[in-house]
Amino acid sequence: DTGVSQNPRHKITKRGQNVTFRCDPISEHNRLYWYRQTLGQGPEFLTYFQNEAQLEKSRLLSDRFSAERPKGSFSTLEIQRTEQGDSAMYLCASSSGDSATNEKLFFGSGTQLSVL
Amino acid sequence: AQKVTQAQTEISVVEKEDVTLDCVYETRDTTYYLFWYKQPPSGELVFLIRRNSFDEQNEISGRYSWNFQKSTSSFNFTITASQVVDSAVYFCALVDSSYKLIFGSGTRLLVRP
């Protein structure tokens with residue numbers, strides 16, 4: 001068990017470019033979450049998957065954002081036409097999903113996105 | 001609506017002092033879970049404790065203790081004899097029927113030698 005892995009750790013891009021982040025959850029975990037964290041704030045929920053199915057998306061996830069989890073394993077989060085307001089830490093978490101309300105989430109170290 | 005409030009933005013203590021981090025939550029549900037996570041400078045959120053709404057017993061784990069009071073909707077976290085390694089941002093969080101982990105804005109703890 002190597003924990004939740006996120007790549008890259010840091011991404012610097014120019015406004016208008018597309019970026020893609022990857023998350024590899026703990027292998028036996030069937031739930032995968034994406035959160036966004038800005039400086040001085042707590043993480044904000046973006047979306048989550050139960051296996052390969054995307055079950056919920058936050059209003060924060062505009063049309064420029066898309067997340068996938070093919071085959072219920074790793075997940076990717078893509079941001080198209082990045083804006084400076086997208087600059088944040090993007091956190092991935094996974095859980096075993098035994099119960100939706102008492103989940104202990106295991107978080108990765110995040111991808112820090114800077115949009116210039 | 002669900003909400004978690006951590007009114008203390010930053011706390012600074014001297015090593016070996018006790019420190020309490022406050023957390024107040026809002027939910028309409030009777031069944032919910034409360035969490036504390038630690039975020040060290042490396043950025044990874046580390047799970048500390050999970051408590052369900054039907055268990056108001058206080059919990060102690062080493063130098064850490066948690067005081068859950070439903071009457072005041074609070075779930076406070078105390079570190080006894082703080083150490084420099086305790087310096088981090090601490091987040092309180094809530095899960096209810098929305099199935100999403102809702103975080104507070106965090107309290108940055110600085111423990112000075």
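Both backbone and side-chain heavy atoms feed into the values below; hydrogens, waters and symmetry mates do not. A note on names: the letters A, B, ... follow the listed sequences, proteins ahead of strands, and every chain is numbered from 1. These numbers were taken from a predicted model, which means no experiment stands behind them.
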Novice: Pick one: which of A/S94, A/S95, A/S96 meets side chain to side chain donor-acceptor pair (under 3.5 Å) with A/H29?
Specialist: A/S94
Novice: Out of B/N67, B/T78, B/N76, which one pairs with B/T20 under the side chain to side chain donor-acceptor pair (under 3.5 Å) rule?
Specialist: B/T78
Novice: Residues of residues 105-116 of chain A under 4.5 Å from chain B (heavy atom pairs)?
Specialist: A/L105, A/F107, A/G108, A/S109
Novice: Determine whether more than 12 heavy atoms belonging to other residues, nucleotides or ligands lie under 6.0 Å from atom NZ of B/K3.
Specialist: no
Novice: When you look at CD1 of A/I12, are more than 12 heavy atoms from neighbouring residues, nucleotides or ligands closer to it than 6.0 Å?
Specialist: no
Novice: Does any heavy atom of chain A fall under 4.5 Å from the side chain of B/Q39, the backbone, both, or neither of them?
Specialist: side chain
Novice: Sort out for me which of A/S58, A/P43, A/G40, A/G42 touches chain B most, counting heavy-atom pairs under 4.5 Å.
Specialist: A/P43
Novice: Same cluster for B/I102 and B/V95 if Ile/Leu/Val/Met/Phe/Trp/Tyr side chains link at under 4.5 Å?
Specialist: no
Novice: Between A/Q37, A/R9, A/E44, A/M89, who has the most heavy-atom pairs with chain B when the cutoff is under 4.5 Å?
Specialist: A/Q37
Novice: Using modelled atom types and a 3.5 Å cut-off, is there a donor and acceptor pairing between side-chain atoms of B/N58 and backbone atoms of B/F68?
Specialist: yes
Novice: Measure from NZ or CZ of A/R22 to the centre of the six-membered ring of A/F74, then state whether that distance is under 6.0 Å and the direction lies within 45° of the axis.
Specialist: yes
Novice: Do any of residues 7-16 of chain B have a heavy atom less than 4.5 Å from a heavy atom of chain A, and if so, which, in residue order?
Specialist: none
Novice: So with a 6.0 Å cut-off around CD of B/Q83, is the heavy-atom count from everything else above 12?
Specialist: yes
Novice: Does B/R51 reach the main-chain N or O of B/E56 with its side chain, forming a donor-acceptor pair under 3.5 Å?
Specialist: no
Novice: Got more than 12 heavy atoms from elsewhere within 6.0 Å of CZ, A/R15?
Specialist: no
Novice: Answer with side chain, backbone, both or neither: which region of A/Q6 has an atom nearer than 4.5 Å to a non-hydrogen atom of chain B?
Specialist: neither
Novice: Determine whether a donor-acceptor pair (N or O, by modelled atom type, separation under 3.5 Å) exists between the side chain of A/T38 and the backbone of A/A88.
Specialist: no
